[in-house]
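The next block holds one structure in the form of structure tokens; read it before the comments.
Note that the structure is predicted; figures quoted are calculated from it, not measured. These numbers come from the heavy atoms of this one structure, side chains and all, not from hydrogens, waters or symmetry mates.
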Amino acid sequence: MANLLDRPNGNFVVLMNEEEQYSMWPEEIEVPGGWMIVYGTESRSSCQQYIEANWTDLRPKSLRTK
């Protein structure tokens, strides 16, 4: 079975967890616990652009607030 994250023409959503970390996720797979959809359903490139524009500090929220 091919990796769904590797599909260049697939549709994706962008997820964020409580630490404000982001992940791109195939639209047809259930969102894992602890994550919420913050963008999409969109193309792979659109989701990548969203993550690049919004995840400017890669440190987890708990570390940034200390």
Side-chain angles (χ1 to χ4, degrees):
M1 182 164 117
N3 186 340
L4 294 176
L5 288 172
D6 292 336
R7 295 177 308 152
N9 297 322
N11 288 321
F12 296 88
V13 295
V14 176
L15 308 179
M16 186 175 69
N17 65 19
E18 63 185 27
E19 288 285 350
E20 297 180 356
Q21 297 169 309
Y22 290 81
S23 179
M24 188 167 56
W25 200 251
E27 70 170 341
E28 65 268 18
I29 298 179
E30 184 177 337
V31 174
W35 293 84
M36 64 180 168
I37 297 173
V38 293
Y39 181 77
T41 299
E42 295 292 338
S43 68
R44 178 184 183 86
S45 63
S46 181
C47 288
Q48 287 172 327
Q49 289 173 2
Y50 179 89
I51 291 171
E52 289 172 9
N54 290 279
W55 196 10
T56 57
D57 188 339
L58 299 181
R59 296 175 298 164
K61 181 180 180 181
S62 59
L63 184 60
R64 291 191 319 264
T65 58
K66 283 188 177 187

Q) To the nearest 0.5 Å, what is the distance between OG (Ser43) and CD (Gln49)? A) 7.5 Å

Q: Work out which heavy atom in Cys47 is nearest to a heavy atom in Phe12; give both atom names and the distance.
A: SG-O, 3.5 Å

Q) Got a second to check how far Tyr22's OH is from Asn17's CG, nearest 0.5 Å? A) 10.0 Å

Q. Where is the tightest heavy-atom contact between Met36 and Val31, given as atom of each residue plus distance?
A. N-CG1, 4.5 Å

(Q) Counting C-beta onward and ignoring hydrogens, is there a side-chain heavy-atom pair between Gln21 and Trp55 closer than 4.5 Å? (A) yes

Q: Could you state whether Leu63 and Met16 fall into the same hydrophobic cluster, counting links through intermediate Ile, Leu, Val, Met, Phe, Trp or Tyr residues with side-chain heavy atoms under 4.5 angstrom apart?
A: no

Q. Any side-chain heavy atom of Ile51 within less than 4.5 Å of one from Tyr39?
A. no

Q. Quick check: are there more than 12 heavy atoms from other residues, nucleotides or ligands sitting under 6.0 Å from CD of Glu18?
A. no

Q) Between the main-chain N or O of Ser62 and the side-chain N or O of Glu19, is there a donor-acceptor pair closer than 3.5 Å? A) yes

Q | Flag side-chain contact, heavy atom, 4.5 Å: Ile37 against Leu15 | A | yes

Q. Is the backbone of Glu30 close enough, under 3.5 Å, to the side chain of Trp25 for a donor and an acceptor to pair up by distance?
A. yes

Q: Starting at CD of Glu42, measure out to CG of Asn11 and round the result to the nearest 0.5 Å.
A: 8.0 Å

Q: Kindly say whether Arg59 contributes a backbone atom to a donor-acceptor pair with the side chain of Arg64 at under 3.5 angstrom?
A: yes

